[in-house]
Q: 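Can you read through this structure? Questions will come right after.
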Amino acid sequence: MKPAYTKLNHDHLQFFTALLGESNVLVNEEEKQKYGRDYTEDFLFVPEVVLLPQNASEISEILKYCNNQRVAVTPRGAGTGLSGGALPLYGGVVLSTEKLNHILAIDEDNFQVTTEPGVINDELRRAVEAKGLFYPPDPASKGSCFIGGNLAENSGGPKAVKYGVTKDYVLNLEVVLPNGEIMWTGANVLKNSTGYNLTQLLVGSEGTLGVITKVVLKLLGKPKTDLLMMASFGDLVSPCVAVSRLLNAGITPSALEYMERNAVEWSMRYADVSLELENDMQSILLIELDGNDGEILMRECEQIYEILEANKCLNVLLADTAAEKERLWKVRRICGEAVHAHSVYKEEDTVVPRFQLPVLLQKVKEIGAKYGFESVCYGHAGDGNLHVNILKGELDDEAWNHTVKHGIREIFETCHQLGGTISGEHGIGLVQKEYLDVVFNSAQIQLMKGIKQVFDPHGILNPGKIFPD
Ligand code: MLT
Ligand code: ZN
């Protein structure tokens, strides 16, 4: 049964306008439509109003009011999410964090940055790099996604194989709870063994427990140099085998990215980048090394050549200029957009222990053949995280809306059997929630619902996400 939320009326809008000013209360249909989408498939859920608060205390007032009035509130970052986390399923308020967009302090002594959630990932990276510091998490959408969205979904990105994901950099959060209370979750320290870890509970909670208004992130020293190679292979699975061999040899690349041929070709076309591809190339691996000593990296590079050669690699290209590296990265980063521009699609963010990746890849193709769908795969081979894009192609609506879902369930069951799970870095949000039972039993789901109930007893915050209906 759908929860009953209060529909907004003139009085509600007047309250918001008095609090935020007219320009921060969007009621125009066109604007509301814009905030009714994110990057997930072609969903549209139009909110009743979009609010643009500028600080934690305004957010506190909004949440307190909506909690009392039982109005649904959907927090939103840049809207680049791929699981539908920012879609306002029940209308109500979209609470955008775009005006909380300041980097508040870079602490060079302690290697920390304090920022608001509406700062773009790449802007934060550049600001800390100017001081010789390094914030590694770099989702494909780093040029537009917000730090707050990265926190909500615990985003990863290519550098995760060496440096970990967003959660590994979060020290402390200022958060507004649904009842309007503003609190810090932890402390600005590298070690913390004090009570339950509220900070990590909030990370990856997809905007369902509280609204993050400030974050303290850990930083590293910036590596001085890097190398990038593109290795091509004549089949689909050999790159994934090579990845395990390479890591087992004691080499830790800063990226190990996989793309199958269609993904490379469609991205090249979409990004207007031309690369020479062998006729029999079926897949590629991008291998990045970083560090402070170029000679050490070159020696590792030679070792990598040998491992690749022993694992059915057709050819290796070493990008020798910054422009060449940029071209290769562009092709990889634009993959999602290129596939999505090519066909109606559903994207699954599968993840398995990385040694199982060749098995998963083969099973994905077998399941596709069984249910009659084509897929294009790319992703973070070093993390066992494969983005499986299922294409509608010539399928009719009945097959697309029903039969394909059985196939998706089978893919997720395979992930679970291999020791993996159903989302590595995109979150459950709207599109994965009907599969949550593949990996969690009812006792586990009840435990999570209990946590939600403690934070948000009236269920006003980001309703309709994570939990199956
Ligand atoms: C990526 O790795 O390219 C991102 O997660 C985006 C996507 O999967 O489409
Ligand atoms: Zn990814």
Side-chain angles (χ1 to χ4, degrees), residues 37-43 77-86 121-122 136-146 149-167 204 206 239-240 243 253-260 262-268 270-271 273 283-288 328-352 354 357 360-361 364 375-391 408 411 415 420-429 431-432:
R37 299 182 195 281
D38 65 3
Y39 280 17
T40 314
E41 301 176 30
D42 53 359
F43 291 107
T80 56
L82 292 160
S83 57
N121 176 298
D122 228 10
D138 60 342
S141 56
K142 66 178 182 168
S144 51
C145 62
F146 289 175
N150 297 170
L151 288 162
E153 303 300 337
N154 189 18
S155 306
K159 295 213 189 294
V161 63
K162 178 168 179 180
Y163 292 105
V165 297
T166 303
K167 76 172 168 55
E206 308 195 38
C240 306
V243 159
S254 49
L256 273 170
E257 294 290 305
Y258 174 82
M259 292 170 79
E260 68 173 83
N262 276 346
V264 181
E265 284 188 342
W266 296 353
S267 296
M268 280 166 45
Y270 192 77
V273 170
S283 59
I284 64 160
L285 201 55
L286 285 185
I287 307 161
E288 186 194 72
L328 293 181
W329 272 125
K330 192 167 181 194
V331 168
R332 169 60 190 91
R333 286 190 180 283
I334 212 144
C335 238
E337 274 179 63
V339 172
H340 306 167
H342 191 90
S343 165
V344 174
Y345 73 98
K346 293 184 200 290
E347 179 170 358
E348 312 310 330
D349 178 30
T350 62
V351 60
V352 290
R354 68 173 164 249
L357 200 55
L360 175 64
L361 195 50
V364 164
S375 63
V376 176
C377 299
Y378 55 87
H380 317 288
D383 306 327
N385 184 193
L386 189 71
H387 300 312
V388 179
N389 281 258
I390 297 172
L391 310 175
I408 294 174
I411 290 174
C415 291
T421 190
I422 67 173
S423 177
E425 58 172 16
H426 295 169
I428 296 300
V431 289
Q432 255 66 260

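By convention here, the first residue in the shown sequence is residue 1. Each ligand, and each atom within it, is numbered from 1 in the order the structure gives.
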Q: Between Glu288 and Lys162, does at least one N-O distance fall below 4.0 Å, as a salt bridge requires?
A: no
Q: Is Tyr378 near ligand 1, meaning one of its heavy atoms is under 4.0 Å from it?
A: yes
Q: Can you list the atoms of ligand 1 that are under 4.0 Å from a heavy atom of Gly336?
A: 9 (O)
Q: Can you list the ligand 1 atoms lying under 4.0 Å from a non-hydrogen atom of Arg332?
A: 1 (C), 2 (O), 3 (O)
Q: Donor-acceptor pair, distance only, cut-off 3.5 Å: does the side chain of Ser283 make one with the backbone of Glu260?
A: no
Q: Go through ligand 1 atom by atom and flag the ones less than 4.0 Å from a non-hydrogen atom of Glu347.
A: 7 (C), 8 (O), 9 (O)
Q: With heavy-atom distances below 4.0 Å as the criterion, list the atoms of ligand 1 near His380.
A: 2 (O)
Q: Out of the candidates Val388, Val352, Leu386, only one should pair with Leu361 under the side chain to side chain contact (heavy atoms under 4.5 Å, CB included) rule; please name it.
A: Leu386
Q: Look only at interatomic distance and state if Arg333 has a nitrogen or oxygen under 3.5 Å from any nitrogen or oxygen of ligand 1.
A: no
Q: For Arg333, check salt bridge (Lys or Arg N to Asp or Glu O under 4.0 Å) against everything at least two apart and list the hits.
A: Asp138
Q: Spell out, as yes or no, whether a donor-acceptor pair under 3.5 Å connects the side chain of Arg354 to the backbone of Gly382.
A: yes
Q: Under the 3.5 angstrom rule, does the side chain of Asn385 hit a backbone N or O of Val351 as a donor-acceptor pair?
A: no
Q: Taking only residues two or more places apart in sequence or in another chain, which ones pass salt bridge (Lys or Arg N to Asp or Glu O under 4.0 Å) with Glu206?
A: none
Q: Between His342 (side chain only) and Ala338 (backbone N and O only), is there a donor and an acceptor less than 3.5 Å apart?
A: no
Q: For Asn121, enumerate each residue passing the side chain to side chain donor-acceptor pair (under 3.5 Å) test, keeping only those at least two apart in sequence or located in another chain.
A: Arg125, Asn150
Q: If you leave out waters, which protein N, O or S atoms are less than 2.8 Å from the Zn ion (ligand 2)?
A: His380 NE2, His387 NE2, Glu425 OE2
Q: Can you name the atoms of ligand 1, numbered from 1 with element, that are less than 4.0 Å from a heavy atom of Glu425?
A: 2 (O), 5 (O)
Q: Are any side-chain N or O atoms of Ser375 and backbone N or O atoms of Ile390, one a donor and one an acceptor, separated by less than 3.5 Å?
A: no
Q: Which of the atoms in ligand 1, numbered in the order shown and given with their element, are less than 4.0 Å from a heavy-atom of Ala140?
A: 1 (C), 3 (O), 4 (C)
Q: Report the nearest protein non-hydrogen atom to atom 6 (C) of ligand 1: residue, atom name, distance rounded to 0.1 Å.
A: Leu82 CD1, 3.5 Å
Q: Does Thr166 reach the main-chain N or O of Ser155 with its side chain, forming a donor-acceptor pair under 3.5 Å?
A: yes
Q: His426 versus ligand 1: do any nitrogen or oxygen atoms come within less than 3.5 Å of each other?
A: yes
